[in-house]
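As the structure lists them, so they are numbered: ligands from 1, and atoms in each ligand from 1. Here, residue 1 is the first one in the sequence, and each next residue gets the next number.
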Amino acid sequence: MKIVTVVGARPQFIKAAAVSRILRSTPGLNEILVHTGQHYDENMSDVFFEELNIPRPDYHLGIGSGSHGAQTGRMLEAIEQVLLAERPNWVLVYGDTNSTLAGALAAAKLHIPVAHVEAGLRSFNRKMPEEINRVLTDHAADLLFAPTEAAVENLRREGIPGERVIFVGDVMYDAALYFGTRAEQRSDVLARLGLKAQNYVLATIHRAENTDNADRLRDIVSGLVDLAHDIAVVLPLHPRTRGALQREGLLDKAIGPICLIDPVGYLDMIMLEKHARLIITDSGGVQKEAFFYRVPCITLRNETEWTELVTLGWNQLCPPAQFAALGRTVLHVHNCSAAVDSQPYGSGNAGVLIVSALQKQTQ
Ligand code: UD1
Ligand code: UDP
């Protein structure tokens, strides 16, 4: 059986690493890896291939950045050529980026079955580019791998036939379990940055709704700068956020009080997450990793797709204006009440369940 996997953005390298490891060790399966080139900086792409032992892509499409239509359109055209040449049994796509949608659409139009990992997540905010990508990908997919029970329910409500939907848990939980110990052994990021466990806050910001809105971005910087009076704040800067801070003249305000660093590799990121006193983020992946490592998390958004963490009390939503008002007091408002043995993301074997479902469907 031949499977074409399409990836392109940072979190997809991590998700695919968890599944590819199983795929490639299963006799009779042949994975062809396609990298769209959506992310291309060394620290947004290559570092993950090296650290996570992901094989070199069979096809690197080199699409790069662009407006949504231009970027997705170029990917669609290039992926179609790969699929025509390879004629796989399945196309496997991950998450909710433009690379996900392009992979799913190119395959569906060629009548090649599509499997979607991380299906069924919804923010119910159609202004998010990711929400459009998720909904369209789910409705183009033949097999939908849901990471949570809430995701299964969302798909049911949208009328997707139940036999196409399989609850497998979250592949990012697989990755966290597999690479968590390795990070402790290999990463020296805390020493490099002069940080002490429990003595810093880790922040990440990259969502378009926060970077592309000057007021929200200013509120976030103002909250982080105030917090930095009381505790070290480490912010690995996504290139989109660096660009936005520069554009809005906010970079100078942030440099100095905040420890701004370039994006880090996954092992360094795990260490920074595990030992933080608090995580402040608008990332989907980082919200869950905070829970995996049992670190309290504040999410700088109005809503989240990972609602179970809010219900559990592990994650607290805090829109940027509220965060600016809270500033340093944010350290004291978060009170985690979740039972530490809750497992809303499965058992850490999502990769195994995905591969066995693909095999079963193809027999
Ligand atoms: C994308 C995904 C988002 C995901 C995020 C993970 C879409 C619509 N968005 O957002 O869902 O959470 O990846 O990080 O697919 N840039 C660089 N170097 C790079 C990559 C990007 O400089 O290697 C800059 C470019 O200026 C680019 C901007 O970042 O225009 C945004 O990149 P893009 O891939 O379009 O969106 P992300 O914000 O990364
Ligand atoms: N991540 C990383 N280095 C960083 C920032 C994030 O390795 O500097 C990892 C993080 O641990 C998580 C994933 O990237 O596994 C999340 O990606 P991102 O926040 O870019 O996207 P999202 O999950 O919001 O789609």
Side-chain angles (χ1 to χ4, degrees), residues 6-18 35-48 51-52 62-72 74-75 93-103 118 121 123 127-134 136-137 147 170-176 178-180 183 187 189 202-212 234-244 246-247 260-274 276 279 281-290 292-293 295 299-301 304-306:
V6 179
V7 292
R10 173 167 70 187
Q12 291 168 331
F13 309 138
I14 297 162
K15 293 168 195 175
H35 186 329
T36 62
Q38 178 169 349
H39 286 176
Y40 43 84
D41 289 347
E42 200 276 330
N43 56 23
M44 294 293 287
S45 174
D46 293 3
V47 66
F48 299 98
E51 277 188 345
L52 310 186
I63 302 296
S65 304
S67 64
H68 286 283
Q71 186 185 51
T72 313
R74 288 202 303 269
M75 288 175 188
V93 294
Y94 291 86
D96 52 19
T97 73
N98 289 346
S99 298
T100 315
L101 177 61
E118 218 179 66
L121 294 180
S123 63
K127 291 219 168 101
M128 279 183 87
E130 293 86 357
E131 184 76 352
I132 306 295
N133 291 342
R134 291 177 196 127
L136 296 179
T137 300
D170 185 6
V171 291
M172 291 204 88
Y173 185 40
D174 295 23
Y178 188 78
F179 292 106
S187 167
V189 68
L202 174 68
T204 81
I205 309 297
H206 77 282
R207 286 257 94 76
E209 72 210 40
N210 286 334
T211 59
D212 296 5
V234 182
L235 175 61
L237 259 193
H238 189 290
R240 171 186 211 110
T241 315
R242 182 174 287 279
Q246 253 155 359
R247 196 173 58 238
L260 292 182
I261 57 173
D262 284 334
V264 294
Y266 185 53
L267 301 184
D268 282 350
M269 189 63 181
I270 289 176
M271 283 300 276
L272 286 171
E273 289 173 338
K274 267 188 163 183
I279 291 178
T281 190
D282 61 8
S283 156
V286 176
Q287 279 172 62
K288 285 173 296 160
E289 286 162 355
F292 299 155
Y293 304 123
V295 177
T299 295
L300 300 179
R301 289 181 51 194
T304 179
E305 304 74 35
W306 304 100

Output, or 'none' if empty, a list of ligand 1-protein atom pairs in which both atoms are N or O and the distance is under 3.5 Å, rounded to 0.1 Å.
residue	atom	partner	partner atom	Å
ligand 1	11 (O)	E130	OE2	2.7
ligand 1	12 (O)	H206	NE2	2.8
ligand 1	12 (O)	R207	NH2	2.8
ligand 1	13 (O)	H39	NE2	3.4
ligand 1	14 (O)	H238	NE2	3.3
ligand 1	15 (O)	Q38	NE2	2.8
ligand 1	15 (O)	N98	N	2.8
ligand 1	18 (N)	Y40	OH	3.4
ligand 1	18 (N)	D41	OD1	3.4
ligand 1	18 (N)	D41	OD2	2.9
ligand 1	22 (O)	Y40	OH	3.4
ligand 1	23 (O)	Y40	N	2.8
ligand 1	23 (O)	D41	N	2.9
ligand 1	34 (O)	Q38	NE2	3.0
ligand 1	34 (O)	H39	NE2	3.2
ligand 1	36 (O)	R240	NH1	3.4
ligand 1	38 (O)	R240	NH1	2.7
ligand 1	39 (O)	H39	NE2	2.7
ligand 1	39 (O)	H238	NE2	3.1

Handout entry: Heavy-atom closest pair, residues R74 and G64
Key = NH2-O, 4.3 Å
Problem - Result of checking E305, E130, E131 against R207 for salt bridge (charged side-chain N to carboxylate O under 4.0 Å, His left out) - result: E130
Hydrogens and angles aside, do [X] and [Y] bring a side-chain donor and acceptor to less than 3.5 Å of each other?
X    : Y    : answer
N43  : D262 : no
S99  : Y94  : no
Q12  : T100 : yes
T304 : Q287 : yes

Fill in the blank from the handout: In this structure, CD of E51 is separated from CZ of F179 (nearest 0.5 Å) by 8.5 Å
Practice task
Calculate, to the nearest 0.5 Å, the distance between atoms OG1 and CD belonging to T204 and E273 respectively.
Solution key: 8.0 Å
Problem - Between H39 and F13, ring centroids under 6.0 Å - result: no
Between ligand 2 and the protein, which N/O pairs are shorter than 3.5 Å?
residue	atom	partner	partner atom	Å
ligand 2	3 (N)	V264	O	2.7
ligand 2	8 (O)	R10	NH1	3.4
ligand 2	8 (O)	V264	N	3.0
ligand 2	11 (O)	E289	OE1	2.7
ligand 2	11 (O)	E289	OE2	3.4
ligand 2	15 (O)	E289	OE1	3.4
ligand 2	15 (O)	E289	OE2	2.5
ligand 2	19 (O)	S283	OG	2.7
ligand 2	20 (O)	R10	NE	3.0
ligand 2	20 (O)	R10	NH2	2.9
ligand 2	23 (O)	S283	OG	3.4
ligand 2	23 (O)	G285	N	2.8
ligand 2	24 (O)	H206	NE2	3.4
ligand 2	24 (O)	R207	NH1	3.2
ligand 2	24 (O)	S283	OG	3.3
ligand 2	24 (O)	G284	N	2.9

